[in-house]
2 protein chains.
Amino acid sequence: MSDKRETPLSTPSLQEHHCTVDLRLEKLGMVPFFQDLPEEQLREVNKKCTANHYSKGETIYRQGDSATMLRVVVAGNVKLAAHTLEGESVLLDMLQPGDFFGNPTARGRDVYSETAETQTSACILSIRLSDFREVMNRYPSVAMAVLDITTDRLNESRQRIQHLSTLPVTKRIAHILVTLGNKFGEKDSRGLLIQLPLSRKDLADMAGTSPATASRIMSQFQNDNLITSGRQWVAINNKAELLRISAK
Amino acid sequence: MSDKRETPLSTPSLQEHHCTVDLRLEKLGMVPFFQDLPEEQLREVNKKCTANHYSKGETIYRQGDSATMLRVVVAGNVKLAAHTLEGESVLLDMLQPGDFFGNPTARGRDVYSETAETQTSACILSIRLSDFREVMNRYPSVAMAVLDITTDRLNESRQRIQHLSTLPVTKRIAHILVTLGNKFGEKDSRGLLIQLPLSRKDLADMAGTSPATASRIMSQFQNDNLITSGRQWVAINNKAELLRISAK
DNA sequence: CGGTATTTTGATTTAGCTCAACAGACGTGG
DNA sequence: CCACGTCTGTTGAGCTAAATCAAAATACCG
């Protein structure tokens, strides 16, 4: 009784994305924390950036690598994951164009505490941490915007701790689906399609459960017509009910 | 075979702490993110602060309260906890003198996402968020210091997510004990005494487990001579072994 | 010294894990 | 365009870590 068909995700065509100076400038201006910067200064920041193109599944940096660059997603998606010695992995964040990653801190650990990998082909800007800190020192609005984003991430992260500590897996997954729907969802014939390759293992790594359990729960949601899902994709049919499940 | 005696924690005597202007100024200068500020500007910041004294167990603010003030611990300890609708609680952070709390962000949620409660009697400085943001705008070094601390907290928080997702309770508690020992430990005849009222329920709320399970694990650690513990206090006898347990 | 909150410990239950086999979807090369 | 191999997802059976429930013991406080 499955409604599955071929992958409905639209693959971004970044292959011939040349990342010219002008294009980079335009993208930089779209980044939330550079939005207040006058064009002239934006141009200056731009000079300090390097653009790189990655294909799907490439590793941008590894947990433990020396951390000297701050990065910004220009196009595509990136996931941040931490790996344990035993090979288990925990998915820490899924990033969109405009999001920065790589720690903006200079003190303490100067190695990355997580691994960054592209989930789709992607274009990434890099700027030396020292240069970025200089920009923040010169333009407080940039520093404040970065602080606000970091604070939001801290709050999200704490909410996740709360969920891991108090909610059963079903509610955690329901909540994750709603969150992903809000962030990556696009209206579609199938409902709210999550525009992101999303495997059962990814879901499990986000919810702190096993792929088998994630699969069972997704099957149940599908039976209840809350979602439609296939290999590496999920669409939400009844967000309100998922939200109710996650909260109740 | 217990080595228990009366509470060995030293109770800070803040009762007659008057928080005079001079004393406040001295304390402000000790706060990490004001350290780079010249005395003159410190004096100016000081004028915008209010000092308050709280006795043990008082609530400073509640989850959901409108968030207009940023706070700094001058003396004593404060714990941040989130509460679920069902009454379960999750302990998010334990604060020391010099730590700030209450979200330093203006956008989005302008209500506190956690409850702040004193664990000992405490002296707390408050400054209006808008005033603090103005200070950060004027003195980038303050903004940068706040950003660095927030980033550290985000990393700690993500590590905790990883532990909740991948480690069994015993390892999580061993890790928490080591961390608390490093942060709040004081050398003592009993070993490394954690200078903080710390119940089994607190430990459980930090480890995402039940008080009963926390108690069983602490009993086991005590049998193995790794810790000495009584009602609301814990001393670490063998930090190296606890660390080994948490990592292995 | 009595009262209360905390801690310990036992007995039972259960959510979710692990292991394992199978099935469906996708890509690739002929 | 089809056949094959591989990777992803599904589902069952059994097991286990930890939760829950409950009672007893201990520490602290007035």
Side-chain angles (χ1 to χ4, degrees), chain A residues 1-9 11 55-57 84 86-90 119 163-174 196-223 227-235 245, chain B residues 1-9 11 55-57 84 86-90 119 163-174 196-223 227-235 245:
Chain A
M1 72 148 291
S2 74
D3 223 326
K4 297 168 197 171
R5 22 212 118 145
E6 66 218 28
T7 300
L9 299 181
T11 326
S55 46
K56 179 177 170 169
T84 65
E86 282 81 23
E88 297 160 294
S89 53
V90 176
Q119 262 182 309
H163 288 180
L164 283 168
S165 301
T166 62
L167 299 183
V169 183
T170 303
K171 292 184 183 184
R172 301 209 299 265
I173 290 192
L196 205 63
L198 187 69
S199 67
R200 295 295 181 261
K201 172 147 200 326
D202 289 332
L203 268 174
D205 287 348
M206 274 188 275
T209 186
S210 64
T213 298
S215 176
R216 273 180 246 272
I217 289 168
M218 293 295 276
S219 296
Q220 184 202 311
F221 285 165
Q222 188 136 351
N223 277 337
I227 61 170
T228 312
S229 162
R231 190 193 175 96
Q232 308 245 47
W233 64 269
V234 182
I245 289 173
Chain B
M1 71 149 293
S2 74
D3 222 326
K4 297 168 199 172
R5 22 214 116 144
E6 66 221 25
T7 300
L9 299 180
T11 325
S55 47
K56 179 176 169 168
T84 65
E86 282 81 24
E88 298 161 294
S89 54
V90 176
Q119 262 183 308
H163 287 180
L164 284 168
S165 301
T166 62
L167 300 182
V169 183
T170 303
K171 293 183 183 183
R172 301 208 300 263
I173 291 193
L196 206 62
L198 188 69
S199 67
R200 295 294 181 261
K201 171 145 200 330
D202 288 333
L203 268 174
D205 287 349
M206 274 188 276
T209 185
S210 65
T213 298
S215 175
R216 272 180 246 272
I217 288 167
M218 293 296 276
S219 297
Q220 182 202 312
F221 286 164
Q222 188 136 350
N223 277 338
I227 61 169
T228 312
S229 161
R231 190 193 176 95
Q232 308 244 47
W233 63 270
V234 182
I245 290 173

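Note on naming: letters A, B, ... go to the chains in the order of the sequence lines (proteins, then strands), and numbering restarts at 1 for each one.
- Relative to the side chain of A:S199, the nucleotides C:dT9, C:dT6, D:dT8 differ in distance, and D:dT8 lies closest.
- To the nearest angstrom, C1' of C:dT4 lies 18 Å from NZ of B:K201.
- Using a 4.0 Å cut-off, no side-chain N or O of A:S215 falls inside it from OP1 or OP2 of D:dG9.
- The CD1-P distance, from B:I217 to C:dT7, rounds to 15 Å in whole Å.
- Remark: C1' of D:dT20 and CD of B:E88 are 12 Å apart, rounded to the nearest angstrom.
- For the OP1/OP2 pair of D:dC7 and a distance below 4.0 Å, the side-chain nitrogens and oxygens of A:R231 include no atom meeting the criterion.
- Side chain B:R200 to base C:dT9: no donor-acceptor pair is found below 3.5 Å.
- When the side-chain nitrogen and oxygen atoms of B:S210 are compared with OP1 and OP2 of D:dA18, none of them lie within a distance under 4.0 Å.
- In the interface, the side chain of A:R216 is not paired with the base of D:dG9 through any donor and acceptor atom under 3.5 Å apart.
- Note: CD (A:Q222) to P (C:dG24) measures 14 Å, nearest angstrom.
- Among the atoms of the strands shown, only primed sugar atoms or phosphate atoms (P, OP1, OP2) are found under 4.0 Å from some heavy atom of A:P168.
- Side-chain proximity of B:V169 to C:dG16, D:dA18, D:dT20: nearest is D:dA18.
- Here B:S219 lies in heavy-atom contact (under 4.0 Å) with sugar-phosphate atoms only.
- Here D:dA17 presents its P atom at 15 Å from CG of B:L167, a figure rounded to the nearest Å.
- Taking atom CG of residue B:L164 and atom P of nucleotide D:dA18, one finds them 12 Å apart after rounding to whole Å.
- Rounded to whole angstrom, the span from the CD atom of B:Q232 across to the C1' atom of D:dA27 amounts to 10 Å.
- Overall bending of the helix from C:dC1-D:dG30 to C:dG30-D:dC1, expressed as the angle between end axes built from five pairs apiece, is 50° (10° steps).
- The only option from B:T166, B:L203, B:L164 that meets the side chain to side chain contact (heavy atoms under 4.5 Å, CB included) definition with B:R172 turns out to be B:L164.
- For the pair B:T209 and D:dA18, the criterion of a side-chain N or O lying under 4.0 Å from OP1 or OP2 is not met.
- Counting to the nearest Å, the P atom of D:dC7 and the CH2 atom of A:W233 are 22 Å from each other.
- Nearest heavy-atom pair across A:I173 and A:A214 is CD1-CA, 3.9 Å.
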